[in-house]
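These numbers come from the heavy atoms of this one structure, side chains and all, not from hydrogens, waters or symmetry mates. Throughout, protein chains are lettered first and strands after them, A, B, ... in sequence-line order, and every chain is numbered starting at 1.
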Protein chains: 2
Amino acid sequence: MKITGIEHVGIAQVEIESKSDFWQTILGITDKSSEVISEQGVKTDIYDTGQGKIELLEALDENSPIARYINKKGPGIHHICLAVEDITTALAELKEAGIELIDNEPRVGAEGFLIAFIHPRSTGGILVELAQKP
Amino acid sequence: MKITGIEHVGIAQVEIESKSDFWQTILGITDKSSEVISEQGVKTDIYDTGQGKIELLEALDENSPIARYINKKGPGIHHICLAVEDITTALAELKEAGIELIDNEPRVGAEGFLIAFIHPRSTGGILVELAQKP
């Protein structure tokens, strides 16, 4: 497969609105967009550095993966997302290599990207997302 | 300050050599370098996607910040590093804004970058590094 870069880093926070002061005003990452992804139970503020985005994630409800993550580990860096040219080929290669996937097929994530998560059991304990630009 | 991108994501692992199979062979991130940074008590394998690096970190001894992190939280994403044009100006601006720093002055990190860490108390609970290219 062809990994083309770090697409974003996902950061779990109890609430994200008050964090814009740090990312937008103090660090000066002014390219900000916001999105609600109901199927994943999250809302997100995305700060684009131009070379990789910071995706702040807030749970919409207690069943959200972000709520469960924060209950277990506290706020922190939740996942890393790598940009990939062709996610269908990538997932086929990962399966062939015996890598455990959370998503066996790509689904639509934030900003319309086709995404899939690799299970931390196959990555050294971290959550890795792959994303193909729409 | 001018943040120019995600320089790398730092990942704490108990040992890093066996992880090259996932990052280098399976994901195909073949641009790999290795370094020992004695002052920080770590050795690191750096996988460069071309747009952001993955920095796997292994403790050299039990007093290493990486050993303490793993003892407390287990292997996982340890920090995010943002590239900045001028780290001296950036640190001055952060101090002016009342942001708590771990490093009040830049020091030399992996690959000769000038680096400084911001305290998680000022970032929403995550460890943020700034780095200026040498």
Side-chain angles (χ1 to χ4, degrees), chain A residues 1-16 18-23 25-31 47-54 56 70 72-85 90 93-94 96-99 118 120 122-128 130, chain B residues 1-16 18-23 25-31 47-54 56 70 72-85 90 93-94 96-99 118 120 122-128 130:
Chain A
M1 76 189 74
K2 177 67 182 159
I3 301 287
T4 56
I6 296 176
E7 209 289 317
H8 67 260
V9 176
I11 299 174
Q13 300 275 257
V14 175
E15 68 81 38
I16 57 179
S18 67
K19 303 304 181 297
S20 78
D21 189 48
F22 177 69
W23 296 97
T25 312
I26 293 172
L27 292 187
I29 308 173
T30 53
D31 183 349
Y47 299 89
D48 190 352
T49 68
Q51 296 232 45
K53 299 163 189 160
I54 306 296
L56 300 190
I70 289 175
K72 197 172 160 192
K73 299 203 170 189
I77 305 176
H78 178 260
H79 68 269
I80 175 169
C81 178
L82 301 171
V84 66
E85 267 184 3
E93 286 179 25
L94 292 172
E96 178 76 21
I99 297 295
I118 304 173
S122 287
T123 67
I126 64 166
L127 185 57
V128 177
L130 298 180
Chain B
M1 75 191 72
K2 176 68 182 158
I3 301 286
T4 56
I6 296 176
E7 209 289 316
H8 67 260
V9 176
I11 298 174
Q13 300 276 257
V14 175
E15 68 80 37
I16 57 178
S18 67
K19 303 305 183 295
S20 78
D21 189 47
F22 177 70
W23 295 98
T25 311
I26 293 173
L27 293 186
I29 308 173
T30 53
D31 183 350
Y47 298 89
D48 191 351
T49 70
Q51 296 231 45
K53 299 165 191 157
I54 306 295
L56 299 190
I70 289 176
K72 198 172 159 191
K73 300 204 170 190
I77 306 175
H78 179 260
H79 68 271
I80 176 169
C81 178
L82 301 171
V84 66
E85 267 184 4
E93 286 180 25
L94 292 171
E96 177 78 20
I99 297 295
I118 304 173
S122 288
T123 67
I126 65 167
L127 186 57
V128 177
L130 298 179

**Request:** Go through the atoms of A/Ile126 and report whether side chain, backbone, both or neither lie under 4.5 Å from a heavy atom of chain B.
**Result:** side chain
**Item:** Under 4.5 Å from any heavy atom of chain A - which part of B/Val14
**Value:** neither
**Message:** As an exercise: rank B/Leu94, B/Thr25, B/Ile99 by heavy-atom pairs under 4.5 Å with chain A and give me the winner.
**Reply:** B/Ile99
**Asked** Which region of A/Ile11, side chain (C-beta onward) or backbone (N, CA, C, O), has a non-hydrogen atom less than 4.5 Å from a non-hydrogen atom of chain B, or is it both or neither?
**Response** side chain
**Fill in**
So, the part of B/Thr4 with a heavy atom under 4.5 Å from chain A: the answer is backbone
**Message:** Does any part of the side chain of A/Tyr47, heavy atoms only, come nearer than 4.5 Å to the side chain of B/Ile3, both counted from C-beta?
**Reply:** no
**Request:** Could you walk me through whether B/Val9 and A/Ile77 pass the side-chain contact (heavy atoms from CB on, under 4.5 Å) test, one step at a time?
**Result:** CA-CA 10 Å; B/Val9 176; A/Ile77 305 176; 5.6 Å; no
**Leading residue by heavy atom contact count with chain A [cutoff under 4.5 Å; candidates B/Val128, B/Leu82, B/Ile80]** = B/Ile80
**Asked** How many angstroms lie between CD in A/Glu7 and OG1 in B/Thr49, if you round to the nearest 0.5 Å?
**Response** 11.5 Å
**Asked** For chain A, which of B/Thr123, B/Ile29, B/Leu56 has the most heavy-atom pairs under 4.5 Å?
**Response** B/Thr123
**Message:** Shorter than 4.5 Å, heavy atoms on both sides: which option in B/His8, B/Gln13, B/His78, B/Lys19 has the most such pairs with chain A?
**Reply:** B/Gln13
**Message:** If you compare all heavy atoms of B/Pro75 against all heavy atoms of A/Gly124, which two are closest, and at what distance to 0.1 Å?
**Reply:** CB-O, 3.9 Å
**Prompt:** Which atom pair, heavy atoms only, marks the closest approach of B/Met1 to A/Leu27?
**Reply:** CG-O, 3.6 Å
**Request:** Sort B/Lys2 into side chain, backbone, both or neither according to what part of it lies under 4.5 angstrom from a heavy atom of chain A.
**Result:** neither
